[in-house]
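A short worksheet on the structure shown next.
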Number of protein chains: 2
Amino acid sequence: MPFSDSLLEDELPAQQSVVDYKKSQKQRKVLAHLYVNGTCTLANLATLLHSSVPSVTSLVDELIQTEWVASMGPAIGNNGRRPVLFGLNTKRNFVAVIDVSIHDTKILFMDTQRHIVFRDDIDLQLNNHSSFLSSLVSYFNTALLKAGLSEDELIAVGISMPGLIDARRARNLTYKQLNQTEESLARWFSAETNKPVYLINDTKATVLGESRFGGAQGKKQVLSINIDWGIGLGIIVNGEVFHGASGFAGELGHIQVDPDGELCHCGKIGCLNTCTSAAALEQRVQRDILSGQVSKLAIFKDSVDQIGITELIDAAHQGDSYAIDILHEAGYLLGKGLAIAINLFNPEIIIIDGVLTSAANFILSTIEQAISKYCLSDFRNDMTIELTQLNGSAKWLGTHTYVMENIFANH
Amino acid sequence: MPFSDSLLEDELPAQQSVVDYKKSQKQRKVLAHLYVNGTCTLANLATLLHSSVPSVTSLVDELIQTEWVASMGPAIGNNGRRPVLFGLNTKRNFVAVIDVSIHDTKILFMDTQRHIVFRDDIDLQLNNHSSFLSSLVSYFNTALLKAGLSEDELIAVGISMPGLIDARRARNLTYKQLNQTEESLARWFSAETNKPVYLINDTKATVLGESRFGGAQGKKQVLSINIDWGIGLGIIVNGEVFHGASGFAGELGHIQVDPDGELCHCGKIGCLNTCTSAAALEQRVQRDILSGQVSKLAIFKDSVDQIGITELIDAAHQGDSYAIDILHEAGYLLGKGLAIAINLFNPEIIIIDGVLTSAANFILSTIEQAISKYCLSDFRNDMTIELTQLNGSAKWLGTHTYVMENIFANH
DNA sequence: CAATGTTAGTTCTGAAATTAATTAACGTTA
DNA sequence: TAACGTTAATTAATTTCAGAACTAACATTG
């Protein structure tokens with residue numbers, strides 16, 4: 001299946017018989033289906049697998065033996081004998097989800113049904129120091145102790161972080177120092193924790209979460225837009241996360257929108273990121289406030305570095321017209337960038353995610369305005385724009401999904 | 001499988017038994033594999049299908065009965081008994097490929113191994129008149145007679161044409177008049193010819209051809225660039241043509257590159273198409289020559305409308321510095337547009353196709369220049385830019401493939 | 001509360017497919 | 001040219017699986 005298994009690189013699947021192969025394929029399908037659907041009857045699985053009920057019965061029996069699956073009791077129904085529901089065993093196979101951002105880091109432990117059984121928000125910012133990873137490992141071990149999870153209850157670790165993530169080599173190319181020596185980031189972390197480690201870009205994790213459990217459920221062609229340090233575009237193509245050849249797909253933030261613009265940290269000039277990323281907005285607002293801009297945000301005049309994107313949005317919600325103008329403008333630029341992506345991807349739905357969600361009132365209208373202006377009208381007809389409904393958990397759900405789908409793929 | 005079957009819209013697969021379902025799945029796989037690989041031994045097919053040799057033998061026997069497959073004699077080999085090779089029967093199941101462009105129309109009949117058994121270039125330009133289609137039908141019927149093919153030897157028709165092709169409804173939204181009344185274009189043509197008709201955008205056909213039989217063979221993430229009336233971007237994602245939600249994906253030509261640019265026929269301002277499409281280049285050269293530009297092309301001064309993209313490229317090949325400058329510039333703009341697509345798609349290969357191929361000497365360098373300037377450098381490392389090797393047949397191969405893959409999908 | 005209808009799940013049987021064994025077809029070599 | 005090595009394909013055997021028949025579990029109804 002995909003890539004980014006941290007431990008095995010090109011290990012060939014052991015030469016197995018045809019019947020074993022088919023069985024593992026089917027078991028994998030069962031697990032993946034139970035993972036997204038929660039519970040399922042034998043009859044459901046039989047039609048899903050194009051197999052007979054007796055076959056599925058023995059298949060599921062085996063999965064119960066290995067403690068992957070558990071019976072969830074009978075379903076409620078109107079008439080007739082009630083079917084027994086099966087689901088993933090939630091008492092085993094916990095996964096650690098580590099959400100790394102430039103603001104802080106969160107360590108979560110989730111069960112197979114994606115319930116958070118433990119959460120720790122730690123004051124560790126993503127930076128380019130090689131010490132970052134070793135701190136993370138010690139925080140991780142502490143969390144494991146606090147959560148009271150034993151070694152063998154945890155099966156894998158998923159890490160989501162911003163930056164260009166080289167999928168095959170599981171390295172972060174934006175934060176190069178994180179790759180200890182020549183080893184891949186994930187491989188190193190894996191050696192430290194003795195667990196398989198899966199690395200995924202934060203935007204791709206978010207869109208994966210939306211695709212499986214959010215507003216994009218069942219949709220085949222999806223874009224999700226996310227604003228953070230940079231502008232992230234998450235892409236679902238034919239129902240699957242689109243990574244591109246090296247894992248870099250969706251770098252909307254580094255397309256040029258202003259030839260006379262500012263220098264971007266990537267070295268190019270006038271990238272979309274220099275106009276409308278969280279970092280760019282903060283800088284701009286801080287500059288404006290310092291130079292006497294009239295605004296509710298002026299209360300921060302003596303400590304402008306306290307102004308973040310959240311403060312900006314809060315001010316807008318309080319009716320501050322300067323803040324509203326800034327957000328309107330950001331929305332328009334975002335829409336302009338989105339319009340390009342729409343022309344290329346022809347999505348059926350666009351999901352607004354991340355911190356932007358709370359600014360929806362102020363940016364949605366100008367986003368739509370820009371899209372109408374810069375997109376061919378035929379593209380608009382079958383397309384909707386929606387806000388995330390997942391309350392900020394899309395990224396975690398997506399990271400968990402990414403880990404589980406990889407685990408299922410290796411039977 | 002995909003969409004755009006002209007005859008059946010949402011017809012559900014007949015409720016069939018599990019064993020029948022599996023058999024048709026396997027037969028479909030066999031056909032698809034033989035289609036791209038030409039010939040194949042039973043052992044090959046067995047590993048492909050994850051089945052035993054005896055099973056595959058009976059499967060293939062059945063396909064021979066239905067005259068889809070034929071034995072191709074023994075393979076040559078070093079030692080041991082020679083395996084029998086099987087391939088698609090080339091004496092049956094011919095497909096008509098109709099290549100419609102704004103310059104002319106070509107009608108081809110191809111056998112299952114993609115050999116052209118008949119070709120007719122007809123003087124019919126794609127235009128927005130509703131009479132176009134009826135002319136095409138009569139040309140088509142004439143060609144059928146000339147080729148000496150009987151009704152039942154032809155199984156389907158594939159039409160490639162420029163424009164926005166609404167996949168689900170098989171309509172051409174750019175050339176709206178072609179859609180007779182409310183019926184879809186393909187459906188109407190299908191009724192006239194009594195064959196299933198598949199409609200595909202020309203750029204998508206081209207990239208499909210490159211993906212299956214050209215330089216992009218085996219590549220998963222591919223972009224192909226094509227210049228014609230507009231700029232076409234063909235996209236292969238995870239090894240399959242990317243259509244988008246409605247079939248419009250890849251409209252690179254209508255992203256804005258110059259806010260102060262010319263009005264595009266789409267209604268927007270400064271689209272890439274207004275700078276560097278064949279139409280735009282022709283217009284510009286014609287204007288320049290008329291107003292006294294020094295160039296070999298000045299021989300056309302009294303009949304500038306004779307200057308097409310081919311004449312421009314010819315002049316460049318003769319060393320005309322004006323023509324070379326124009327092409328250099330076009331390459332640079334094209335590269336700038338491509339850079340955006342690269343940032344979003346992170347392809348492993350970009351293929352230069354269509355009329356551009358012959359201008360490669362003049363545009364490749366500036367394309368690369370622009371890409372280096374506007375792309376993150378990490379994107380360049382795993383990416384190559386290549387010229388098509390298919391001598392202009394990519395589009396036909398792709399159209400044929402599109403038809404065949406759809407036919408195989410409906411067993 | 002027995003009879004009946006409905007759906008689920010198990011048991012059983014015949015069909016189908018896998019695996020193993022055998023035969024076939026070829027080249028090489030003694 | 002006959003024996004042997006090698007690979008293919010067929011036949012035989014054993015296993016697996018689908019489909020049907022049957023049993024189980026529930027609600028409703030007379």
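Hydrogens, waters and symmetry mates are skipped; everything else that's a heavy atom, side chains included, is used. Each chain gets a letter, A, B and so on, in the order its sequence line appears, and its residues count up from 1. Quick caveat: nothing in here was measured; it's all calculated off a predicted structure.
For the helix from C/dT19-D/dA12 to C/dA30-D/dT1, the angle separating the two terminal helix axes comes to 20°, with each axis derived from five pairs and the value rounded to 10°.
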#### Entry: Contact state string [nucleotides 24-30 of chain C, B base, S sugar-phosphate only, - no protein heavy atom under 4.0 Å]
BBBS---

### Summary
The contact string for nucleotides 12-20 of chain D, one letter per nucleotide 5' to 3', using protein heavy atoms under 4.0 Å with B, S and - for base, sugar-phosphate only and none, comes out as -----SBB-

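With sequence neighbours left out, B/Ser52 forms a side-chain contact (heavy atoms from CB on, under 4.5 Å) with B/Pro54, B/Ser55. With sequence neighbours excluded, no residue forms a side chain to side chain donor-acceptor pair (under 3.5 Å) with B/Lys220. For B/Lys29, the side chain to side chain donor-acceptor pair (under 3.5 Å) criterion is met by no residue, not counting sequence neighbours. Under the side chain to side chain donor-acceptor pair (under 3.5 Å) criterion, A/Lys23 pairs with A/Glu62, not counting sequence neighbours. Under the rule for a side-chain contact (heavy atoms from CB on, under 4.5 Å), the partners of B/Thr57 that lie at least two apart in sequence or sit in another chain are B/Leu42, B/Val53, B/Asp61. The ring pair (Phe, Tyr, Trp, His ring centres under 6.0 Å) search around A/Phe86 returns none, not counting sequence neighbours. Evaluation of the ring pair (Phe, Tyr, Trp, His ring centres under 6.0 Å) rule for B/His33 yields no partner, not counting sequence neighbours. For B/Asn93, the side chain to side chain donor-acceptor pair (under 3.5 Å) criterion is met by no residue, not counting sequence neighbours. Under the salt bridge (Lys or Arg N to Asp or Glu O under 4.0 Å) criterion, A/Arg212 pairs with A/Glu240, A/Glu405, sequence neighbours left out.
Judged purely by distance below 3.5 Å, without hydrogens or angles, the side chains of B/Ser150 and B/Asp152 pair a donor atom with an acceptor atom.
With hydrogens and angles ignored, the 3.5 Å screen pairs no side-chain donor or acceptor of B/Gln221 with any backbone N or O of B/Glu348.
Rounded to a whole Å, the CG atom of A/Leu85 is 14 Å from the P atom of D/dC26. Atoms CG (B/Leu45) and C1' (C/dT18) sit 17 Å apart, rounded to a whole Å. Look at CG on A/Asn44: it is 14 Å from P on C/dT7, rounded to the nearest Å. Separating the CG atom of A/Leu42 from the P atom of C/dT7 is a distance of 17 Å, rounded to the nearest angstrom. Distance A/Ile76 CD1 to C/dT7 P: 16 Å, rounded to the nearest Å.
Using a 4.0 Å heavy-atom criterion, one finds that B/Thr57 contacts the sugar-phosphate atoms exclusively.
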